[in-house]
**Q** 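My structure is below; once you've seen it, I'll send some questions.
All heavy atoms count here, side chains included; hydrogens, waters and symmetry mates do not. On a predicted model such as this, the values are computed, not experimentally measured, just so you know. The chain is numbered in sequence order, starting from 1.
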Amino acid sequence: MMAEHTVKLPDVGEGVAEAELVEWHVKLGDLVREDQPLADVMTDKATVEIPSPVDGEVVWLGGDIGDVVQVGSALVRVKTEGGSEASPKPVETASAPEPEPPSSPAMPQPKAAPRPVPPAAAKPAASKPIASPAVRLAAREAGIDLRQVAGSGPAGRITREDLAAFAAHGRAAPSGVARKTDITEVKVVGLRRRIAEKMALAKQRIPHITIVEEVDVTALEELRAALNRVPRDGVKLTVLPFLMRAMVVAIGEQPQLNALFDDDAGIVRQHAGVHIGIATQTPGGLVVPVVKHAEALSLWQSGAEVARLAERARDGAATREELGGSTITITSLGPLGAIATTPVINYPEVAIVGVNRMAVRPHWDGHAFIPRKMMNLSSSFDHRVIDGWDAAVFVQRLKALLETPALLFVDA
């Protein structure tokens, strides 16, 4: 005895009422086993895999990639054998109707085939262009290849008007080089859609102020190299743990920077714990895993946590808890970083610190130009709640701490 089992979208998280369908792992007619992945859905925080609870054949799919599915609604129907409980009769879906039989009077009659274009209307590719001597002379003087010009006269004859229109609207590509006219449509779904929505929200609601400051990191790089000669627990320190430590110190002096602004309620919530989001590029797009309580971590603990979260994010294994709860964010393009950037704040935070490319530049020490390792910090602030003066004080404090890294280890 055959029956149908309806797989519904489960409750994938507290307070989540809907999720976006981002990937199908099955298609109609596939045979699936219990616990085999059926689809991936994405919430505001993470991607969730939906497994099959039964063995059987997939007979219905509840949407297309990019559709938003409500919690509790039908996602997949699987035809099962034996004791599986039959689901209610399937509801009508938006799928295409079955075609009517040929004898149906409602079937529209096919249109007559279009009459073929007379051969004279098309110019053979290898034929000699038809044009008057005057037109040929004008074409030579203008450097136009008449073989590239479509003629509108009798039998495809090229007129002066055709020559003028060709000259006005662009020449053909050089001989042997084909013009590319294909257009590829890419539907914005899943993580890319979430990124687009969040960036649009941040730019729409937050009036950004960005400060770019040059930092001499020569001493910091010397210290980092010395510490990495004897790594702890296999952790190799990058610049990020030092910057995170500097941010913790600076935030201790300016707690209003470590906050979330609920602009609908008009409330700024300052957090005692420093939870630093690390913007991370993944194959699917940009995600922001969060190093929780950076104020309680050592340099090596911060470095290990950054590496762990980045790996999980790139593998698509980061959880909702690991991707949420940040109070301030760091963004860095690493060696690809430019001289300066204008970071977009991770809404609803009020500040973001951007790390730009490090390079050796000439630096005037008062007597001569000497080579120093320099790096620019590009930091953006929500100008509704952070004044320009306070933003500048924060950036200057970061600069002082990074240029004299011994200060990072001195208690206030």
Side-chain angles (χ1 to χ4, degrees), residues 4-28 30-80 84-85 87 90-91 93-94 186-201 275 277-292 305 308-326 329 346-348:
E4 280 189 7
H5 185 95
T6 300
V7 181
K8 298 181 179 181
L9 179 64
D11 185 355
V12 294
E14 183 179 355
V16 175
E18 61 185 20
E20 181 185 351
L21 182 58
V22 294
E23 185 176 1
W24 281 116
H25 295 298
V26 296
K27 59 182 181 299
L28 291 178
D30 281 358
L31 298 178
V32 296
R33 306 290 295 178
E34 184 177 354
D35 293 330
Q36 179 178 334
L38 298 174
D40 287 349
V41 297
M42 175 174 283
T43 67
D44 290 336
K45 296 297 184 181
T47 300
V48 180
E49 190 176 79
I50 307 300
S52 174
V54 295
D55 299 344
E57 177 187 353
V58 176
V59 296
W60 180 83
L61 300 178
D64 296 324
I65 300 301
D67 289 351
V68 176
V69 183
Q70 300 295 318
V71 169
S73 61
L75 188 64
V76 182
R77 291 196 178 100
V78 180
K79 183 186 293 184
T80 62
S84 294
E85 181 181 352
S87 63
V91 297
T93 68
V186 179
K187 191 173 183 180
V188 179
V189 300
L191 181 58
R192 179 52 36 188
R193 178 193 282 181
R194 301 287 179 183
I195 294 172
E197 292 172 349
K198 195 159 188 178
M199 291 297 100
L201 182 64
H275 311 308
I278 308 294
T280 305
Q281 189 65 37
T282 72
L286 188 71
V287 298
V288 186
V290 183
V291 177
K292 303 290 178 62
E305 186 67 356
R308 184 188 73 84
L309 289 171
E311 182 178 1
R312 287 181 60 80
R314 295 189 184 101
D315 292 341
T319 64
R320 289 171 56 88
E321 290 72 20
E322 291 170 331
L323 294 174
S326 60
T329 295
N346 186 19
Y347 180 88

**Q** Could you check whether any side-chain heavy atom of Val7 comes within less than 4.5 Å of a side-chain heavy atom of Pro53, counting everything from C-beta outward?
**A**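 In contact.
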**Q** Nearest 0.5 Å, what's the CE-CZ distance between Met42 and Arg193?
**A**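 It is 10.5 Å, given to the nearest 0.5 Å.
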**Q** Taking all heavy atoms of Thr80 and all of Val54, pick out the closest pair and write down the distance.
**A**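 Between these two residues, the closest heavy atoms are CG2-CG2, 3.7 Å.
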**Q** Would you compute the distance between atom CD of Glu20 and atom CG of Leu191 and round it to the nearest 0.5 angstrom?
**A**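 Atom-to-atom, Glu20:CD and Leu191:CG are 9.5 Å apart.
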**Q** Measuring from Arg314:CZ to Glu311:CD, what's the distance to the nearest 0.5 Å?
**A**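 Here the interatomic distance stands at 8.5 Å.
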**Q** Can you sort out the partners of Lys187 under salt bridge (Lys or Arg N to Asp or Glu O under 4.0 Å), two or more places apart, ordered by chain and number?
**A**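 Salt bridge (Lys or Arg N to Asp or Glu O under 4.0 Å) list for Lys187, sorted by chain: empty.
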**Q** Considering non-hydrogen atoms only, spot the tightest contact between Trp60 and Leu28 and give its length.
**A**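 Looking at all heavy atoms of both residues, the shortest contact is N-CD2, 3.4 Å.
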**Q** Would you name the heavy atoms of Val22 and Gly190 that are closest together and state the gap between them?
**A**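 Closest pair (atom of Val22, atom of Gly190, distance): CG1-CA, 3.2 Å.
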**Q** Closest heavy-atom contact between His25 and Asp40?
**A**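 Scanning both residues, the minimum pair turns out to be NE2-OD1, 3.1 Å.
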**Q** Which atom names give the shortest non-hydrogen contact between Leu21 and Ala39, and what distance separates them?
**A**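 So the two residues come closest at CD1-CB, 3.9 Å.
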**Q** Given Thr329 and Val288, is the side chain to side chain contact (heavy atoms under 4.5 Å, CB included) satisfied, shown in steps?
**A** CA-CA 8 Å; Thr329 295; Val288 186; 4.3 Å; yes
**Q** Check Val26 against Val32 and note the closest heavy-atom contact, atom names and distance.
**A**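 The pair with the smallest heavy-atom distance is CG1-CG1, 3.6 Å.
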**Q** To the nearest 0.5 Å, tell me how far Glu4 CD sits from Arg77 CZ.
**A**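 The CD atom of Glu4 sits 6.5 Å away from the CZ atom of Arg77.
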**Q** Side chain to side chain contact (heavy atoms under 4.5 Å, CB included) for Ile50 and Leu9? Distances and angles first, verdict last.
**A** CA-CA 8 Å; Ile50 307 300; Leu9 179 64; 4.1 Å; yes
**Q** If we ignore hydrogens and angles and just use 3.5 Å, is the side chain of Asp30 paired with the main-chain N or O of Val58 as donor and acceptor?
**A**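 Judged by distance alone, no pair lies under 3.5 Å.
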**Q** Would you find a donor on one side and an acceptor on the other, under 3.5 Å apart, between the side chain of Lys292 and the backbone of Glu321?
**A**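 A pair under 3.5 Å: yes.
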**Q** As an exercise, state the distance from NE2 of His275 to OG of Ser326, rounded to the nearest 0.5 Å.
**A**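 Going from the NE2 atom of His275 to the OG atom of Ser326 covers 9.5 Å.
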**Q** Checking side chain to side chain contact (heavy atoms under 4.5 Å, CB included) for the pair Lys198/Asn346: CA distance, chi angles, key distance, verdict?
**A** CA-CA 8 Å; Lys198 195 159 188 178; Asn346 186 19; 3.1 Å; yes
**Q** Look at the side chain of Thr280 and the backbone N and O of Ile278, then say whether any donor-acceptor pair between them is shorter than 3.5 Å.
**A**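 Yes; judged by distance alone, with no hydrogens or angles, the pair exists.
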**Q** Quick check for you: to the nearest 0.5 Å, what is the distance between Lys8 atom NZ and Leu75 atom CG?
**A**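 If we round to the nearest 0.5 Å, Lys8:NZ and Leu75:CG are 12.0 Å apart.
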**Q** Can you confirm whether Leu309 sits close enough to Glu322 that some side-chain heavy atom of one is under 4.5 Å from a side-chain heavy atom of the other?
**A**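 In contact.
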**Q** Would a 4.5 Å heavy-atom cut-off, applied to side chains only, mark Asp35 and Ser52 as touching?
**A**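 A side-chain contact is absent here, since even the closest heavy-atom pair is not under 4.5 Å.
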